[in-house]
Amino acid sequence: MLTTVHTKALRDVRCRTVSLLAVAIVGIGNSLGAPILSEFLADDPEGGPDWIEIASDSAATIDLSGWQLRDSDTTWSFPIGASLPSRGFLVVFASGQTEPGYQDEGGNFHTSFRIDRDGEVLALYDPTGLQVSMVPEPVPKQLAGVSYGVTSSGNWRFFEDPTPGTPNPAKGIEGFVEEIAFSVSRGFFDDPFTVELSSATPDAEIRFTMNGLAPDEDSTLYEKALDVSTTQVVRAQAFKSGYKPSPVSTATYLFPFDVAVQSNAPEGFPARWKSTAADYEMDGNGGDYAKAAGSADFTPELARAAIAESLVAIPSLSIVMANDDLFASADGIYSNPGSRGDRWERPASVELLNPDGTKGFQIDAGIQVMGGTSRDLSFAKKLSFRLVFKREYGPGWLEYPFFGPGGATRFNTLPLRTNIRDSWVAEYGGFGKALYIADQWAKQTQLDMGQPATRGRFVHLYLNGVYWGLYNPTERPDAAFAESYLPGASEDYDVVKFCCPDRVVDGSTTMWNRLITLCNRGLQDNADYFSIQGRDPDGTPNPEFQTLIDVDNFIDYVINGQYHAAGDWPGNYYVMRDGNDDRSEGFKYFTWDNDLAFVNANINLNKVQTDP
């Protein structure tokens with residue numbers, strides 16, 4: 001895949017001289033030695049410019065002065081002095097530059113047009129106006145990160161690994177199978193129905209699964225509409241010889257009235273998670289429901305109806321993946337929750353289902369187990385997760401207003417918190433003390449105090465169609481978060497996380513260590529106090545000083561923590577600093593993991609610390 005990194009590398013090498021096979025030129029109707037349009041890319045997923053590759057098998061350097069590149073409606077001329085080396089390549093960036101003859105700092109030429117991603121004619125003309133080479137029609141729709149070029153046999157094909165400035169592969173992909181359409185969209189249902197699967201690609205063969213696994217060419221062949229009469233996940237993929245298979249499509253169909261009486265033995269799920277007995281069952285004890293409702297007349301039937309109603313009171317997240325990736329004894333992430341890092345990340349489909357019918361999303365992502373003490377299955381069998389959006393799984397970013405108006409619309413990760421120590425599952429503070437909203441209250445209050453803070457919400461979570469409980473997705477205060485809400489770009493920020501374990505999230509600890517060193521020396525007077533705020537002793541800003549701490553932010557952070565009195569506070573938090581000293585306001589504090597707060601905490605505990 002061509003990325004911005006690749007295009008930057010090209011600026012250092014205007015062209016590379018490599019012998020071409022003559023058959024590649026003859027095969028598309030050019031005379032031996034004439035330049036050809038050999039490859040182009042119309043959609044760099046990293047945001048780099050489009051590009052067009054021109055190749056020559058001529059033994060002589062070709063003067064391109066006055067030659068022209070044309071798309072469907074624009075003509076761009078090579079400036080005087082442009083040339084194509086013997087038996088070599090020239091890569092031209094199609095970036096839409098308005099300056100005639102524009103060359104970047106690497107000497108690369110830039111056209112006045114961009115390439116239409118929906119497919120358009122591209123042609124090369126000599127100074128007399130003679131068409132020398134053309135991308136044959138019809139030009140297909142282009143895909144992100146995939147180039148389109150001519151193989152050594154003269155066939156135009158897609159290349160998943162673009163080759164700007166070097167010979168094209170001998171083979172490529174004839175096309176891409178269109179994504180599968182479901183006749184019934186994901187959502188919530190009361191009555192059985194049938195769902196039809198289809199692909200717009202002629203003669204494509206559809207394979208499907210209903211157990212969470214991503215389908216392959218050996219999966220069940222789709223031959224007729226699928227019957228759906230209870231909660232079900234359907235995954236499908238279409239195949240055609242010579243074509244790249246369609247993306248895996250996933251749809252979750254939820255039947256709340258059935259979920260309300262979910263059994264402890266769902267099909268395909270193990271009875272144990274390694275050494276821990278599994279627990280999938282909805283509570284079947286009528287007495288528990290009566291106790292929760294505060295009425296002895298609250299029957300199991302009433303409870304089922306109430307639960308079904310609650311399951312559509314807020315949105316649901318459906319995570320669909322291979323069950324073995326969750327529960328296999330050796331390498332399942334749920335069976336080995338203490339394991340961390342990329343090795344313990346698994347691919348998954350993630351769907352947001354809104355019960356009011358508004359548009360949600362489906363995205364392929366990675367999933368990890370998240371947390372500190374909450375990773376212990378002997379403490380609670382409901383684990384927290386973290387979703388990560390990477391190009392190895394899907395688009396690389398979730399683009400959706402997940403946290404509503406005022407919130408970011410682009411995310412690289414989403415923590416899915418259980419708030420387990422503030423829940424009925426654990427009742428950490430004793431029966432009747434669980435609130436489930438303590439951590440969300442602390443974060444929302446920090447935001448309401450006028451400080452940057454992570455947003456959150458609540459959803460019902462399903463794993464492969466099995467209800468997993470109420471979860472609290474939140475933002476993660478990392479450098480991508482900073483780019484969404486604060487000045488500058490993500491690479492400007494240092495982010496440090498404290499607790500479980502302490503670690504650098506982005507950037508470095510250099511400036512944080514400097515702040516701590518100065519504080520440990522003691523802030524003896526106004527000069528010391530103001531210096532860490534980038535000010536002279538009289539409080540006047542001094543551009544020669546680095547601002548190390550946002551004191552107003554810190555004060556609000558302390559007020560917030562003193563009020564909710566969380567057991568982990570102030571030892572579990574994030575700090576973040578803009579590294580651009582011309583605008584930096586110093587380190588800002590972000591409250592985090594406050595589930596042991598209010599009635600679960602000891603409000604009389606002295607937490608004054610002499611060590612910052």
Side-chain angles (χ1 to χ4, degrees), residues 207-220 230-237 245 247-252 259 262-282 316-351 362-394 413-418 420 425 460-469 471 500:
R207 302 279 176 165
F208 72 95
T209 66
M210 302 177 82
N211 61 1
L213 283 171
D216 57 28
E217 291 180 280
D218 296 323
S219 299
T220 303
T230 189
T231 292
Q232 186 68 66
V233 295
V234 180
R235 309 192 78 182
Q237 189 172 26
V248 174
S249 296
T250 305
T252 298
V259 174
Q262 181 172 288
S263 79
N264 202 35
E267 184 178 355
F269 283 72
R272 302 190 69 82
W273 306 326
K274 207 168 187 175
S275 60
T276 301
D279 183 7
Y280 309 104
E281 187 177 19
M282 284 289 196
S316 290
L317 271 183
S318 172
I319 296 173
V320 181
M321 57 190 295
N323 264 346
D324 280 351
D325 282 348
L326 284 166
F327 305 119
S329 293
D331 54 10
I333 60 173
Y334 214 91
S335 296
N336 298 275
S339 301
R340 300 170 182 262
D342 290 347
R343 181 174 174 269
W344 294 93
E345 182 177 293
R346 300 290 182 267
S349 164
V350 183
E351 300 165 81
Q362 186 282 324
I363 189 171
D364 292 330
I367 186 170
Q368 308 171 353
V369 171
M370 182 189 81
T373 57
S374 61
R375 290 174 178 262
D376 186 353
L377 286 171
S378 65
F379 173 66
K381 296 181 180 181
K382 180 181 174 185
L383 300 178
S384 295
F385 297 104
R386 180 181 164 212
L387 302 176
V388 289
F389 306 106
K390 300 178 179 178
R391 292 201 179 278
E392 65 185 275
Y393 305 117
T413 187
L414 280 179
L416 307 178
R417 292 178 53 86
T418 60
I420 199 66
V425 174
H460 294 295
L461 188 79
Y462 294 81
L463 295 181
N464 289 339
V466 173
Y467 182 67
W468 223 255
Y471 274 71
C500 321

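Scope of the values below: all heavy atoms of this structure, side chains included, with no hydrogens, waters or symmetry mates.
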What is the minimum heavy-atom distance between [X] and [Y], and which atoms define it?
| X | Y | answer |
| --- | --- | --- |
| V369 | I333 | CG2-O, 3.4 Å |
| P347 | D325 | CD-OD2, 4.0 Å |
| N464 | A322 | ND2-C, 4.4 Å |
| I420 | S374 | CG2-CB, 3.7 Å |
| S349 | Q362 | OG-NE2, 2.9 Å |
| V388 | A365 | O-CB, 3.3 Å |

Just how far is it from atom [atom1] of [X] to atom [atom2] of [Y], taken to the nearest 0.5 Å?
| X | Y | atom1 | atom2 | result |
| --- | --- | --- | --- | --- |
| L414 | L387 | CG | CG | 6.0 Å |
| M210 | E267 | CE | CD | 10.0 Å |
| Y471 | K382 | OH | NZ | 5.5 Å |
| N336 | F327 | CG | CZ | 12.0 Å |

Exercise. Apply side chain to side chain donor-acceptor pair (under 3.5 Å) to T252 and E351, showing your working.
Key: CA-CA 8 Å; T252 298; E351 300 165 81; 2.5 Å; yes
Side-chain heavy-atom pair [X], [Y] within 4.5 angstrom cut-off:
| X | Y | answer |
| --- | --- | --- |
| T250 | V234 | no |
| L416 | I319 | yes |
| S219 | F208 | no |
| W468 | H460 | no |
| M321 | I367 | yes |
| V259 | M282 | yes |
| L461 | Y467 | no |
| Y393 | V350 | no |

Self-check item: Set of residues satisfying salt bridge (Lys or Arg N to Asp or Glu O under 4.0 Å) with respect to R417, sequence neighbours excluded
Solution: D439, D593
Practice problem: Applying salt bridge (Lys or Arg N to Asp or Glu O under 4.0 Å), name anything that partners D342, two or more places apart in sequence or on another chain. | Solution: K390
Got a donor-acceptor contact below 3.5 angstrom from the [X] side chain to the [Y] backbone?
| X | Y | value |
| --- | --- | --- |
| R235 | T209 | no |
| R346 | R343 | yes |
| K274 | A328 | no |
| N264 | Y280 | yes |
| N323 | G268 | yes |

Quiz item: Between the side chains of R207 and T220, is a donor N or O closer than 3.5 angstrom to an acceptor N or O?
Solution: no
Quiz item: So, S384 and T418: side-chain donor and acceptor under 3.5 Å apart, yes or no?
Solution: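 Note: S384 and T418 side chains meet the donor-acceptor criterion.
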Practice problem: Mind telling me whether W273 and Y334 have parallel, tilted or perpendicular rings, with 30° and 60° as the class edges? | Solution: perpendicular
